[in-house]
Amino acid sequence: MKKDYLYNEIADNIANKINSGVLKAGEKLPSVRNLSAEHGISINTAKRIFLALEGRSLIRSKPQSGYFVSPPNYLQLPLAAASQPIPIANNREPDQLMNKVYSTMGRQDLTLFSIGVPSGNLLPTAKLKKEIVLATQELSDGGTAYEPLQGNIKLRRMVAVRSLAWGGNLNEDEVVTTNGCMNALVLCLMALTKPGDTLALESPCYPGILQLAVSLGLQVLEIATDPITGIDIEALKKLLPEIKVCLLVPNFNTPLGYCMPDENKREIVSLLAKHHIPLIEDDTYGDLHFGTQRPKCCKSFDLDGNVLWCGSVSKTLAPGFRVGWVAPGKYKEQIIKLKLIHSLSSTTIINEAVGNFLLTGKYENHLRKLRRSLSENYQQYAAIIAEHFPEGTKISRPQGGLALWVEFPKHIDTGMLYNYALKLQISISPGRIFTLQDQFHHCMRLCIGLPWSNELALKLKQLGKLAKALQ
């Protein structure tokens, strides 16, 4: 209790100094190490304090530079509300609206705030082309043969090596490659569930996961979720008897962008293992942290193989390559059997090329630039929303990832806003597609993975004007 009191006291003290103007916008804060020494707290506690303040948009991090006080316009926007879904499982999806949104994917004439992937202008396209040519030359058969069933050994080894950054300590034999992260999730759900079983998810949740669950005949139980810390553990505890499998995106999920605290991850892993409920962890966005350190995963705290950790490069490097993987723990045999039946092999040349890209260090260099762009975009978006969107607009506080969740006053319907925006060549994701329940009609998700420009700023301002017209 004393430790928690000191943590809150220090965080609140810094927050008060920022809100009162004692600490000015742009002013650099003490380093993590200095804060630790000054208050006699651990390095991890000091990091938690900065992450909490960053989550409240009071400060922001700059790679290799430290933490700085955020500009005042971020402080004008209140935090989006925690969700309160009805604790009843269902499997109804908003087909018509979802189909409309995703039908715009790939259209060059639209500003696609609706599609949650980084723009090609932020990706190392030329370098990837060279890697594909190199892979063709290095593979003895030119890449025409099937890969081993478990997947490209170089890619699996590099996924395992990179897991050391978040405490995964995996080896290549624990990793199975897949055709993107969605394919990994499909294999996991098929291995663990049957039609009629109940799947627990965050709320709001990525629409693709909702569609997948419905297509497999699963009942979806949406759990109350906080925009800063993630799923409500107490709400989860009450619903455990109904749950067959739990699927979470604890690191920078879309659409909220939160990063679940380590202590919450540890507690959830232990809780689910105790009740023999498998946890599928989607870590697609884990490498897109705005802070200085890659967050841990639920898999970091897995002691008995109950966590099936899934990832990909679809949100970080090449959406169209469809390169993904899963470390399925004690469920590896079932996953490999299903892969044999449903896909047999991943694309040989592409997996070799991505494996090389990770091996040479080019991936980490690219990530540093991409993280910086996404973090700066979030700040630019927030500034325009604060100035041009309707009074009472709230936003999430993404700590990484590609999404910004916008919550309007309740009388503004984002399904209607979608239709008006499309006439101005703007596509958004209405909040209703992130749930199977009757909620989030006044919310929307914006992708922050577009290159910043005057034209993009203008589109955001037009969106704000349209929203004001709906008041």
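Residue numbers start at 1 and run along the sequence shown.
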Show me the donor-acceptor pairs, under 3.5 Å and distance only, between side chains in residues 195-208 and residues at least two apart or in other chains.
unit_1 : atom_1 : unit_2 : atom_2 : d
D197   : OD1    : K194   : NZ     : 3.2
D197   : OD2    : K194   : N      : 2.9
D197   : OD2    : K244   : NZ     : 3.3
E202   : OE1    : V249   : N      : 3.1
E202   : OE2    : V249   : N      : 3.1
E202   : OE2    : Y258   : OH     : 2.2
S203   : OG     : E222   : OE1    : 2.7
S203   : OG     : Q439   : NE2    : 3.1

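Minimum heavy-atom separation, V269 to L279: CG2-CD2, 4.2 Å. Closest heavy-atom contact between I277 and L240: CD1-CD2, 3.7 Å. Looking at every heavy atom in both residues, C259 comes nearest to P295 through SG-CB, 3.7 Å.
Side chain of S375 to main chain of R371: no donor-acceptor pair is present (N/O by atom type, distance under 3.5 Å, no hydrogens or angles). Between the side chain of T393 and the backbone N or O of P390 there is at least one donor-acceptor pair closer than 3.5 Å. A side-chain donor-acceptor contact under 3.5 Å links S300 to the backbone of C297. Between the side chain of R397 and the main chain of I395, a donor-acceptor pair closer than 3.5 Å is present. Judged by distance alone, the side chain of K299 and the main-chain N or O of V307 form a donor-acceptor pair under 3.5 Å. Proximity of a side-chain donor or acceptor of T178 to a complementary backbone N or O of G180 within less than 3.5 Å is detected.
Between R162 and D287, at least one side-chain nitrogen of the basic residue sits less than 4.0 Å from a carboxylate oxygen of the acidic one, meeting the salt-bridge criterion. E174 and R156 are not joined by a salt bridge, as no carboxylate oxygen comes within less than 4.0 angstrom of a charged side-chain nitrogen. Salt-bridge formation is detected for the pair R294/D283: a Lys NZ or Arg NE/NH1/NH2 atom is positioned less than 4.0 Å from an Asp or Glu carboxylate oxygen. Taking the charged nitrogens against the carboxylate oxygens, K362 and E131 do have a contact shorter than 4.0 Å, which makes a salt bridge. Between D262 and R48, no side-chain nitrogen of the basic residue sits less than 4.0 Å from a carboxylate oxygen of the acidic one, so the salt-bridge criterion is not met. Taking 4.0 Å as the cut-off between side-chain N and carboxylate O, E281 and K265 do not count as a salt-bridged pair.
The stretch residues 401-422 participates, sequence neighbours left out, in no salt bridge (charged side-chain N to carboxylate O under 4.0 Å, His left out) pair at all. Under the salt bridge (charged side-chain N to carboxylate O under 4.0 Å, His left out) criterion, the residue pairs touching residues 346-355 are K154-E352, with sequence neighbours excluded.
Counting only N and O atoms by type, the side chains of E54 and S61 include a donor and acceptor under 3.5 Å apart.
At least one side-chain heavy atom of L463 sits less than 4.5 Å from a side-chain heavy atom of L417. Counting only heavy atoms from C-beta outward, the side chains of I426 and Y420 never approach each other to under 4.5 Å.
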Item checked: side-chain hydrogen bond (donor to acceptor under 3.5 Å, both in side chains) assessment of T347 paired with R322 -> CA-CA 9 Å; T347 307; R322 311 311 302 142; over 6 Å; no
Check: Passes side-chain hydrogen bond (donor to acceptor under 3.5 Å, both in side chains), S42 versus N44? Steps please.
Finding: CA-CA 5 Å; S42 70; N44 284 338; 5.4 Å; no
Note to self: I'd like to know whether L422 forms a side chain to side chain contact (heavy atoms under 4.5 Å, CB included) with Y418, so could you lay out the CA-CA distance, the side-chain angles of the two residues, the decisive distance to 0.1 Å, and finally the verdict.
What the structure shows: CA-CA 6 Å; L422 206 57; Y418 172 87; 3.9 Å; yes
Note to self: side-chain hydrogen bond (donor to acceptor under 3.5 Å, both in side chains) for K339 and T177? Distances and angles first, verdict last.
What the structure shows: CA-CA 9 Å; K339 181 181 178 182; T177 65; 3.1 Å; yes
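The OG1 atom of T125 lies 9.0 Å from the CG atom of L317; values are rounded to the nearest 0.5 Å.
With sequence neighbours left out, R266 forms a side-chain hydrogen bond (donor to acceptor under 3.5 Å, both in side chains) with no residue at all. Partners of F440 according to the ring pair (Phe, Tyr, Trp, His ring centres under 6.0 Å) rule, which considers only residues two or more places apart in sequence or in another chain, are W405. Residues passing the ring pair (Phe, Tyr, Trp, His ring centres under 6.0 Å) test with F389 are F408, sequence neighbours excluded.
Note: F357 and Y363 have perpendicular aromatic rings, judged against thresholds of 30 and 60 degrees for the angle between ring planes.
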